[in-house]
Number of protein chains: 2
Amino acid sequence: MGGLTQENVVEDENYGSNMAETMMRLLPMGLCVVALVIMLKNSQTNDFGSLSYSDLGTFRYLVHANGICAAYSLLSAIVAALPRPTTMPRAWTFFLLDQMLAYIILAAGAASIEVVYLAYKGDTSVTWSETCGSFGGFCRKATASVAITFIVSLCYVGISLLSAYRLFSKYDAPVEHYNNKRGIEIANY
Amino acid sequence: MGGLTQENVVEDENYGSNMAETMMRLLPMGLCVVALVIMLKNSQTNDFGSLSYSDLGTFRYLVHANGICAAYSLLSAIVAALPRPTTMPRAWTFFLLDQMLAYIILAAGAASIEVVYLAYKGDTSVTWSETCGSFGGFCRKATASVAITFIVSLCYVGISLLSAYRLFSKYDAPVEHYNNKRGIEIANY
């Protein structure tokens, strides 16, 4: 196989995986915006009083986390779509930021699900009463927003795996016993 | 350099990094046990009534997460200490379990910090009163346990990076433009 043909094949593969990565990053962007909008519009006023997402610190954090996540997803999707070869600094930046986003959005989701749980069930031992009996609509919207945030977390777990693969496959193996049979091992696995 | 010398060097490096990995896995084990014991012994009885960690679902989850984490850390430290070459299935198992543990322990920490925050501050809009005025000792112990859990999370973020590196450096780079100048690029970075 000539050098030029090899080059073309590699570039085609590169283009395909770039497109897949861009799609993979646009999906959580859309989900983040949906979760953000649901939570931002989440307030309820009735005979018991009024309750808004901004009354709860965790939901404010969730909105911020979703906003950061949407912005980063869009930015990274654009960068991923650019037809440039992946350099080491770029692979490192993607890897570290993707990991950080995965942890940020998971932490926001976990803290929020705790608040939603307390709002539904309450906790008599610490005299926290359940709130969803009075503010059912508020609770349903909050649950929807948190559920979408968990789907975003799953997306970012996947994106982290991808960017870890992209980065570390550029390094040589620390133990080189397998260099000669590497192809066979991967095929077996 | 002869084949035998090369082999010895590689095995010595392997031994050193095995020891480092074992230590890196024993540290969160110790921390998990400490966080677990602090939380398990966390109950307070006074004029206002009594409060135990088991009254709060999140703290029960935290105890379970710390228990799982301690057991896995010990087990993985033992496996990492075994002087066997790293195979692909082993690298995959370590990588996936390490990632899962990182997410489990981070989620437990995030949900618990939310409860600790609510216990200290309360939330008047949903009529949740602050609890730490009456149960100060309980809150301090809970805070200590959650803080240690966050250090464990950081350990597992590091362990995940290590096992991702171990796994993916066994694969070839997806785009092979850099094969010939890889050494230089890494040196520059």
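Quick note on labels: first sequence line is chain A, next is B, and so on, each numbered from 1.
Counting heavy atoms from C-beta on, the side chains of A/Leu118 and B/Leu118 come closer than 4.5 Å. Contact of the B/Leu167 side chain with the A/Phe168 side chain is not registered, since no non-hydrogen atoms from C-beta on lie closer than 4.5 Å.
For A/Tyr117, the OH atom is loosely surrounded, since the number of other residues' heavy atoms within 6.0 Å does not exceed 12. Counting heavy atoms of neighbouring residues, nucleotides and ligands inside a 6.0 Å radius, atom CZ of B/Arg140 does not exceed 12 of them.
When heavy atoms are compared at a cutoff of 4.5 Å, B/Phe95 approaches chain A solely by way of its side chain, counted from C-beta outward. Neither the backbone nor the side chain of A/Ile113 comes within contact range of chain B; no heavy atom of the residue lies under 4.5 Å from a heavy atom of that chain. Neither the backbone nor the side chain of B/Ser153 comes within less than 4.5 Å of any heavy atom of chain A. Proximity to chain B (any heavy atom under 4.5 Å) is restricted, for A/Asp123, to the side chain, taken from C-beta onward. In this structure, chain B has heavy atoms under 4.5 Å from both the backbone and the side chain of A/Ser129.
Hydrophobic clustering (ILVMFWY, side-chain heavy atoms < 4.5 Å, transitive): A/Tyr120 and A/Phe138 are in one cluster. A single hydrophobic cluster is not seen to contain both A/Val146 and A/Leu31; linkage of ILVMFWY side chains at heavy-atom distances under 4.5 Å, directly or through other members, places them apart. Both B/Leu56 and B/Val63 belong to a common hydrophobic cluster when Ile, Leu, Val, Met, Phe, Trp and Tyr are linked at side-chain heavy-atom distances under 4.5 angstrom. Cluster annotation: B/Ile159 and B/Leu27 are assigned to the same hydrophobic cluster (Ile/Leu/Val/Met/Phe/Trp/Tyr, side-chain heavy-atom contacts under 4.5 Å, transitive). No single ILVMFWY cluster, assembled from side-chain heavy atoms under 4.5 Å apart, contains both B/Leu97 and B/Val157.
Closest heavy-atom contact between A/Ala111 and B/Ala110: CB-O, 3.8 Å.
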TODO: Please test A/Trp128 against B/Thr131 for side-chain contact (heavy atoms from CB on, under 4.5 Å), starting from the C-alpha separation and ending with a verdict.
DONE: CA-CA 9 Å; A/Trp128 292 341; B/Thr131 314; 3.9 Å; yes
